[in-house]
Amino acid sequence: MPTSIVLEQSFDFLHMVWMLPKGWGKSHGRNRHGQDGRKLCPRQEISDADAKDAALLEGIMRLDTLSVPDKRRRLVQELAPRLTDGYLFVQRDMLNRIFRAALGRRRVGRDVDEDDRVVSSHAQLKGRMQNWHKAQKTSCGLPKRVSRAKRLMSWSLEHVSRLLRSPIYLGSSSQKLRSRKATARKRYIIRDAIYWVPLIMITMGVRPEEILQAAVPDVVRRGGILCLFVGDEEDAVLKNEQSRRVLPIPQILLDLGFREWVVAKSRSGETWLFPDIQPDRPHGRRSQIFGDRLRNLFKTLKLQDPREDIYAMRRTLSSKLMGLGIDTGTRQRILGHLEGTTVDKHYSDHGLLELKDLLDSVDYGIDVGHDRGFAFPIIVGTRTALQAALDVDVALSDQREVSAVQLRDAETDEIVFEATISGRKAPSTFPWNECGALEEKDVAARIISLVDDILVLRDLHLEAGATPEDIRQLLAHARTAIEGLLHCVRQIAQAWRAHRSQTTEIGANSVPSLQVRAKVSYAYSPFAANHSTTACAAWLRFGPRIANM
DNA sequence: TCGCATAAAATGAGAATGGA
DNA sequence: TCCATTCTCATTTTATGCGA
């Protein structure tokens with residue numbers, strides 16, 4: 001059948017796109033007015049990347065001293081990243097549109113038979129991609145092709161703490177170069193968007209765009225509580241209050257002098273809270289320009305992390321609220337309200353007070369104090385309630401029982417512990433192929449002692465003058481965390497049994513000090529393991545609820 | 001599930017600016 | 001003056017939401 005040849009051709013084309021190095025489209029240099037840039041040949045880009053990758057793979061395979069997991073880690077880091085699977089679907093959609101424009105709806109449409117297609121359906125492409133992924137593995141399961149999928153997460157407390165200890169908050173030696181550390185003589189703290197917006201995002205959970213367009217009169221007192229009206233429309237200042245959300249300003253911002261800062265703005269006749277951030281010309285949005293600036297700054301401050309980007313700051317509040325043991329309904333209402341998705345846009349004055357109390361209960365360990373050099377309160381330090389983070393990978397047998405566990409340090413990605421459970425059919429592919437088998441009970445015992453060690457070690461790092469009593473308390477604290485961890489692992493299996501295809505957030509109550517990120521992969525579906533964010537990943541946080549189930 | 005839309009991040013370029 | 005940093009913009013890449 002001639003059409004099937006066409007379908008194969010479109011598969012070939014998509015496969016080629018799939019092999020494109022991630023950055024190829026951005027290296028043409030035509031990103032400013034009147035720029036000629038340079039012509040790039042996609043096939044050439046692919047074969048260059050292929051050649052480099054092949055050489056790297058060969059070199060690494062020859063290193064006999066390296067363990068297989070170490071080899072993999074190096075490959076994942078050093079292979080040229082290609083376009084992501086998700087983006088390929090976007091490309092497929094575009095190809096589909098092109099063909100439909102050319103051939104009409106009868107030849108290209110969603111109801112065309114699979115066999116008669118010119119461009120594959122999503123389902124067909126998914127299936128085909130499975131084979132492509134298989135072909136991109138060496139015989140020992142090492143990857144020959146990698147991509148850099150974005151995993152959206154919330155900022156860890158360490159990250160927040162590092163931000164709060166940066167020159168943005170502790171002071172810079174120059175008013176313009178904010179990344180320069182303050183010196184004994186020169187110390188400037190500039191309270192503009194760069195200063196306030198990250199704080200507002202982590203304490204109030206609003207989007208940058210919403211806060212950036214706030215006007216001075218949007219900050220008002222209501223029932224004795226200082227509040228902010230936020231709206232997501234342009235000309236927000238012209239909209240009536242009825243159509244906009246009202247959020248209480250958390251205590252920590254008040255302690256930092258937010259009210260006085262706004263009053264000063266108002267006195268000097270300012271209209272906007274953040275006049276330095278103007279809408280950009282092409283889209284009329286402020287978040288673009290703000291994001292660019294903050295990203296630039298984070299880059300020089302070495303605060304950037306592909307897993308924890310600016311937008312992820314907002315999620316920090318959500319996960320902290322979960323960690324506080326706030327029940328599902330309330331939390332969803334708060335977050336819904338914070339995110340502007342709920343119908344009940346208005347809180348009564350009493351509700352506002354309640355909401356403020358909730359926001360205030362989230363503790364980022366910010367110490368506010370005064371300094372002779374400044375007329376306003378400043379951050380003098382952070383007491384980080386340390387939150388050790390572990391990435392947990394769990395493989396399930398086809399009976400959906402836990403068959404293998406791998407714990408990795410979230411910061412270093414170092415494997416802390418891995419084991420398969422004896423008597424269960426564990427996956428034989430990477431990363432499970434190197435695991436030794438242990439009895440279920442031993443696995444649990446080992447995890448317990450490990451988590452203990454990690455937490456205690458981390459805490460000992462911080463507390464220079466810790467007493468034996470402190471250590472006893474740490475141990476007691478760690479024990480709850482472990483129980484939570486085990487509970488979590490059990491929950492993963494349970495949740496998975498119930499709902500195989502949804503992203504889940506699972507938690508155990510009242511264990512705020514250990515953050516567990518977990519990924520579940522199916523022993524019998526190597527393809528699924530590559531779709532960490534959609535089909536088969538479960539991010540676990542400690543908290544009282546199972547979300548999105 | 002598919003088709004389409006959108007938000008935001010990422011990248012690279014050049015110009016402007018800051019500081020020593 | 002030199003070099004690093006910052007700012008801005010065009011453009012690509014990534015993930016996700018919504019409605020049929």
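Order of the sequence lines sets the chain letters (A, B, ...), proteins ahead of strands, with each chain counted from 1.
Distance CD (A:Q288) to P (B:dA7): 12 Å, rounded to an integer number of Å. Distance A:R178 CZ to C:dA4 P: 22 Å, rounded to the nearest Å. Regarding A:Q124, its CD atom lies at a distance of 13 Å from the P atom of B:dT1, rounded to whole Å. C:dT13 atom P lies 7 Å from atom CD of A:Q91, rounded to whole Å. One atom, CG of A:D85, and another, P of C:dT16, lie 13 Å apart when rounded to the nearest Å. To the nearest angstrom, P of B:dA10 lies 12 Å from CD of A:E308. The CG-C1' distance, from A:L301 to C:dA4, rounds to 14 Å in whole Å.
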Start with the C-alpha distance between A:S161 and A:R165, add both sets of side-chain angles, then the distance that settles side chain to side chain donor-acceptor pair (under 3.5 Å), and finish with yes or no. CA-CA 6 Å; A:S161 167; A:R165 280 182 280 121; 2.9 Å; yes

Salt bridge (Lys or Arg N to Asp or Glu O under 4.0 Å) between A:E8 and A:R128, intermediate numbers included: CA-CA 11 Å; A:E8 271 317 306; A:R128 189 60 74 101; 2.8 Å; yes

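Annotation: salt bridge (Lys or Arg N to Asp or Glu O under 4.0 Å) contacts of A:D371 (sequence neighbours excluded): A:R187. Every residue two or more places apart in sequence or in another chain was checked for a salt bridge (Lys or Arg N to Asp or Glu O under 4.0 Å) with A:R97, and none qualifies.
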Between protein and nucleotides 15-20 of chain B, map the contacts as a letter string: B base, S sugar-phosphate only, - none, heavy atoms under 4.0 Å, written 5' to 3'. ---SS-

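No hydrogens or angles were tested; on distance alone, a donor-acceptor pair under 3.5 Å links the side chain of A:K26 to the base of B:dA10.
Salt-bridge formation is not detected for the pair A:E45/A:R82: no Lys NZ or Arg NE/NH1/NH2 atom is positioned less than 4.0 Å from an Asp or Glu carboxylate oxygen. With respect to A:D192 and A:R178, a salt bridge is recorded, a charged nitrogen being found less than 4.0 Å from a carboxylate O. Salt-bridge formation is detected for the pair A:D309/A:K150: a Lys NZ or Arg NE/NH1/NH2 atom is positioned less than 4.0 Å from an Asp or Glu carboxylate oxygen.
A:W18 and A:D85 form a side-chain donor-acceptor contact under 3.5 Å, judged by distance and modelled atom types alone.
Both A:H28 and A:E114 sit near DNA chain B, but only A:E114 has its closest nucleotide nearer the 5' end. Map A:R148 and A:S179 each onto its nearest nucleotide of DNA chain C; the residue landing nearer the 5' end is A:S179.
When all heavy atoms of A:P198 and A:F290 are compared, the pair lying nearest together is CD-CZ, 4.5 Å.
Here A:K150 reaches the OP1 or OP2 of B:dA10: one of its side-chain N or O atoms lies under 4.0 Å away. Remark: A:Y87 is in phosphate contact with C:dT13, judged by side-chain N or O atoms under 4.0 Å from OP1 or OP2. An OP1 or OP2 oxygen of B:dT11 is reached within less than 4.0 angstrom by no side-chain nitrogen or oxygen of A:S27. For A:R38, a side-chain nitrogen or oxygen approaches OP1 or OP2 of B:dA13 to under 4.0 Å. OP1 or OP2 of C:dT13 lies within a sub-4.0 Å distance of a side-chain N or O belonging to A:W24.
Ring orientation note: the planes of A:W132 and A:F11 are nearly perpendicular, at an angle over 60° on the 30°/60° scale. Using cut-offs of 30° and 60° on the angle between ring planes, the pair A:F258 and A:W261 is tilted.
Residues from residues 290-300 of chain A with heavy atoms under 4.0 angstrom of DNA chain C, sorted by number: A:D292, A:R293, A:N296, A:L297, A:T300. Contacts between residues 12-23 of chain A and DNA chain B, counted as heavy-atom distances below 4.0 Å, involve A:K22.
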Short N/O separations, protein against nucleotides 4-6 of chain B, under 3.5 angstrom:
| unit_1 | atom_1 | unit_2 | atom_2 | d |
| --- | --- | --- | --- | --- |
| B:dC4 | OP1 | A:R100 | NH1 | 3.1 |
| B:dC4 | OP1 | A:R100 | NH2 | 2.5 |
| B:dC4 | OP2 | A:R97 | NE | 3.3 |

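Considering only heavy atoms from C-beta on, A:P21 comes within 4.5 Å of A:I46 through its side chain.
In this structure, A:F376 places its CZ atom where more than 12 heavy-atom neighbours from other residues, nucleotides or ligands lie under 6.0 Å away.
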